[in-house]
Number of protein chains: 2
Amino acid sequence: MNLPKSEEQLMQYLWEMERAFMKDLIDRYPEPKPASTTVATLLKRLQKKKAVHFERYGSVREYFPLISKEVYFSKQMNGVIKNFFNNSVSQFASFFTSEENLSDEQLKELQQIVEQQINARKK
Amino acid sequence: MNLPKSEEQLMQYLWEMERAFMKDLIDRYPEPKPASTTVATLLKRLQKKKAVHFERYGSVREYFPLISKEVYFSKQMNGVIKNFFNNSVSQFASFFTSEENLSDEQLKELQQIVEQQINARKK
DNA sequence: AATGTATTTCTACAAATGTAGAATAATAAT
DNA sequence: ATTATTATTCTACATTTGTAGAAATACATT
């Protein structure tokens, strides 16, 4: 599932809000806001792609995501890692940690995170 | 610079080959290979976007990337991190290192890489 | 009941993308 | 020279994406 920019943006908002009515979504957009019909179209397309669904409240619909941000995101990452690093996570990691991409502080943070994760797994 | 799939794929090959003639590129594609005109169109579009250029050898052209894989990739990543992790690299890192995303071995590898990087920086 | 507000559906249309045929030009091999 | 191979340019066309107007609906409020 690879969504186009505009749909991904909308999903982003939905993930953040968890559930939302049209109005809330439009409110969420920064100026200049898209026409409501534009948002409606995007929602329609996302429904077709089974990425969102809604619950009826009388005649209003409360939309919610059908795919989680985590799952969507990790698929994105896998794609990137596969394409750019020939499926080698370590190659990715070393890119990720290289000078231009992580500051010293961030690198330390990462080190901590890795430590913690390792300890956590030692259960 | 965000290239569409088909163009990105071609860039991928170009990065890998560094320089290539049409023929080499087509050879590089797996079956079913695209028509040569398709590749030509993609190259044309990539030239317009200043992503590739070529050097004439008589009448043949040897194509090469104008943007590096590293730069392109890191922009991609920044976009992803910005969109999905609200610009927090550490949030990204912790997602990245979580159970479902990295195996124990990979995590160890990452640890090593981080160590090395930290040492390297201490220069 | 009449009107304003929010929503949905349909339709539309330009731009971007994926793919490739026809025609042409240039080169290489016989 | 003639032919086969390769590359290039142009044109074309179906899909997908970005964006939204018009019309129809439903609901809320005067």
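Computed from heavy atoms alone, side chains included, the values below leave out hydrogens, waters and symmetry copies.
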Check your understanding: NE2 of A:His53 versus P of C:dT8: gap in Å, rounded?
Key -> 13 Å
Exercise for review: Output the single nucleotide from C:dT9, C:dT7, C:dG21 whose closest atom is nearest the side chain of B:Ala35.
Suggested key: C:dG21
Practice item. Using only heavy-atom distances, decide whether a donor-acceptor pair under 3.5 angstrom links the side-chain of B:Thr38 to the base of C:dG18. Key: no
**Study point:** Whole-Å gap separating C1' (C:dT27) and CZ (B:Phe21)
**Key:** 13 Å
Practice item. Using a heavy-atom cut-off of under 4.0 Å over every strand shown, decide if B:Ala40 touches base, sugar-phosphate, or nothing. Key: base
Exercise for review: Specify the residue among B:Asn2 and B:Tyr57 whose closest nucleotide of DNA chain C lies further upstream toward the 5′ end.
Suggested key: B:Asn2
Practice item. Anything under 4.0 Å to a heavy atom of chain B counts; send over the first and last such nucleotide of DNA chain D, read 5' to 3'. Key: D:dT6 to D:dT9
Exercise for review: Test ring-ring contact (aromatic ring centres under 6.0 Å, His included) on B:Phe95 and B:Phe85 and set out the steps.
Suggested key: CA-CA 9 Å; B:Phe95 171 87; B:Phe85 295 102; 5.7 Å; yes
**Study point:** Short side-chain to backbone donor-acceptor contact, A:Asn119 and A:Gln116, under 3.5 Å
**Key:** no
Review point. Roughly, in whole Å, what's the span from CD in B:Glu7 to P in C:dT19?
Key: 11 Å
Practice item. Return the value, rounded to whole Å, for the distance between atom CZ of A:Arg45 and atom C1' of C:dT9. Key: 13 Å
Point to revise | Option from B:Gln47, B:Arg45, B:Glu7, B:Lys44 for which side-chain contact (heavy atoms from CB on, under 4.5 Å) with B:Val52 holds | key: B:Gln47
Review point. Taking the inter-plane angle between the rings of A:His53 and A:Phe64 on a 0 to 90° scale, is it parallel (under 30°), tilted (30 to 60°) or perpendicular (over 60°)?
Key: perpendicular
**Study point:** Any donor-acceptor N/O pair, A:Lys75 side chain to A:Met1 backbone, under 3.5 Å
**Key:** no
Check your understanding: Do we see a donor-acceptor contact under 3.5 Å between the side chains of A:Gln111 and B:Glu115?
Key -> yes
Practice item. Write down the distance between CG (A:Leu43) and P (C:dA6), rounded to a whole number of angstrom. Key: 17 Å
Practice item. Calculate the interatomic distance between A:Lys44 atom NZ and C:dT7 atom C1'; express it in whole Å. Key: 11 Å
Exercise for review: Could you pick out which residue, A:Lys33 or B:Lys23, lies toward the 5' side of DNA chain D when each is mapped onto its nearest nucleotide?
Suggested key: B:Lys23
**Study point:** Distance, rounded to the nearest Å, where A:Asp24 contributes CG and C:dA6 contributes P
**Key:** 11 Å
Review point. Counting just side-chain N and O atoms, does B:Ser6 come under 4.0 Å of either OP1 or OP2 of C:dG18?
Key: yes
Check your understanding: When all nucleic acid strands are considered with a 4.0 Å heavy-atom cut-off, which category describes B:Phe54: base, sugar-phosphate, or nothing?
Key -> nothing
Review point. Do A:Met11 and A:Tyr72 have side chains that get closer than 4.5 Å, going by heavy atoms?
Key: no
Check your understanding: Rounded to whole angstrom units, what separation is found between the CD1 atom of A:Ile26 and the C1' atom of C:dT7?
Key -> 9 Å
